[in-house]
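Because the structure is predicted, anything quoted here is derived from the model rather than measured. Quick note: numbers below take in every heavy atom, side chains included, and nothing from hydrogens, waters or symmetry partners. Note that the numbering runs from 1 along the sequence shown for the chain.
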Amino acid sequence: MYKIGVDITTISRIEKSFVKSNFAQHVFTENELREFYNQPKPKFSSLRANFAAKEALSKALGTGIRNFELNEVEILRDSQGCPYFNFYGKAAEIMVDYDAQVSLSHEKDTAIAMVILEKKISIINL
């Protein structure tokens, strides 16, 4: 294991921020927003958990949110509802040496995310 990052936040905060004109486009990818809007009952808890995951990733990297944009980090769910990352742009360049796992949870007005980063093993180093 390389590093762990954790973030906890309130869901109501995302609802308030969402009404700002470009907040959603600055923070979320088109795929994340599509997944959100395609839910039978869109829940801000999912978006807030995604935001927490982006914060947790930056903590695991030890950089804070620098050197990449939030919308270059994408969190989607597989057919079983398990979250996973996709990376684009500068975030993809940073993550080329790492595998990242994410766990999300939310309850009432709180969302939490945990990210585990593992450094990829290079065959050259063996």
Side-chain angles (χ1 to χ4, degrees):
M1 183 170 24
Y2 182 66
K3 289 188 176 181
I4 296 173
V6 177
D7 190 66
I8 187 168
T9 188
T10 59
I11 295 163
S12 57
R13 187 172 151 209
I14 194 88
E15 290 182 77
K16 291 175 186 173
S17 300
F18 208 75
V19 297
K20 294 181 181 177
S21 62
N22 61 355
F23 173 80
Q25 290 73 28
H26 176 71
V27 174
F28 302 107
T29 67
E30 287 182 27
N31 291 330
E32 287 174 300
L33 293 171
R34 188 177 306 113
E35 192 172 81
F36 169 71
Y37 286 118
N38 285 340
Q39 295 176 28
K41 291 183 178 179
K43 297 177 184 169
F44 283 100
S45 57
S46 296
L47 284 181
R48 193 63 198 160
N50 283 19
F51 185 84
K54 295 170 191 230
E55 291 272 346
L57 174 71
S58 73
K59 292 173 183 178
L61 287 168
T63 63
I65 299 174
R66 309 187 176 90
N67 306 321
F68 65 91
E69 300 294 325
L70 288 172
N71 62 8
E72 294 176 340
V73 177
E74 178 176 81
I75 300 92
L76 299 176
R77 289 11 170 229
D78 67 16
S79 62
Q80 302 297 311
C82 183
Y84 64 92
F85 282 112
N86 288 322
F87 300 100
Y88 305 98
K90 292 182 182 184
E93 293 173 20
I94 292 166
M95 293 303 296
V96 73
D97 293 327
Y98 301 99
D99 286 319
Q101 301 297 319
V102 61
S103 180
L104 306 173
S105 188
H106 41 81
E107 176 71 27
K108 296 184 183 176
D109 194 41
T110 304
I112 188 167
M114 176 184 277
V115 172
I116 298 176
L117 285 185
E118 295 177 290
K119 190 134 176 113
K120 291 181 182 174
I121 297 173
S122 172
I123 296 174
I124 296 171
N125 292 336
L126 295 178

Could you check if a side-chain atom of Phe85 sits within less than 4.5 angstrom of a side-chain atom of Ile75, using non-hydrogen atoms only?
yes
Could you state whether Phe87 and Ile94 fall into the same hydrophobic cluster, counting links through intermediate Ile, Leu, Val, Met, Phe, Trp or Tyr residues with side-chain heavy atoms under 4.5 angstrom apart?
yes
Under 6.0 Å from the CD atom of Gln39, do we count more than 12 heavy atoms belonging to anything else shown?
yes
Audit row: Leu61, Met95, side chain to side chain contact (heavy atoms under 4.5 Å, CB included) steps and yes/no
CA-CA 9 Å; Leu61 287 168; Met95 293 303 296; 4.1 Å; yes
Start with the C-alpha gap between Ile112 and His106, add the side-chain angles, then the distance that decides, and say whether side chain to side chain contact (heavy atoms under 4.5 Å, CB included) holds.
CA-CA 6 Å; Ile112 188 167; His106 41 81; over 6 Å; no
When every non-hydrogen atom of Ser45 is compared with those of Ala111, the smallest separation belongs to O-CB, 4.5 Å
Test side chain to side chain donor-acceptor pair (under 3.5 Å), reference Asn50, set Glu35, Glu55, Glu32, Glu74, output is Glu32
Using every non-hydrogen atom in the two residues, find where Met114 and Ile4 come nearest and quote the distance to one decimal.
CG-CG2, 4.1 Å
Would you say that Asn71 contacts Phe28 through its side chain, given a criterion of any heavy-atom pair below 4.5 Å between the two side chains?
no
Quick one: CD on Gln25 to CD on Glu69, what's the gap to the nearest 0.5 Å?
13.5 Å
Please step through side chain to side chain contact (heavy atoms under 4.5 Å, CB included) for the pair Asp97 and Tyr2, ending with a clear verdict.
CA-CA 11 Å; Asp97 293 327; Tyr2 182 66; over 6 Å; no
Single-linkage hydrophobic cluster Ile65~Phe51, side-chain heavy atoms < 4.5 angstrom:
yes
Ala113 versus Ala52, closest heavy-atom pair with distance
CB-C, 3.5 Å
Tell me the closest heavy-atom pair linking Asn67 and Lys90, and the distance in Å.
O-CB, 3.3 Å
Treat each ILVMFWY residue as a node, draw an edge where side-chain heavy atoms are under 4.5 Å apart, and state whether Val102 and Val96 are in one component.
no
Please report the shortest heavy-atom distance between Leu104 and Ala49, naming the atom on each side.
CD2-O, 3.5 Å
For residues Lys59 and Lys3, determine if any side-chain heavy atom of one lies less than 4.5 Å from a side-chain heavy atom of the other.
no
Hey, any chance Val6 and Ile116 share a hydrophobic cluster, counting ILVMFWY side chains that come within less than 4.5 Å of each other, even indirectly?
yes
Ring center gap for Phe44 and Phe36 short of 6.0 angstrom
yes
Quick check: do Leu117 and Leu57 have side-chain heavy atoms less than 4.5 Å from each other?
yes
Ring-face cation contact, Tyr98 with Lys120, 6.0 Å cut, 45° max
no
Here the gap from Asn86 atom CG to Leu76 atom CG, rounded to the nearest 0.5 Å, amounts to 5.5 Å
Minimal non-hydrogen separation, Glu72 against Ala91, with atom names:
OE1-N, 3.4 Å
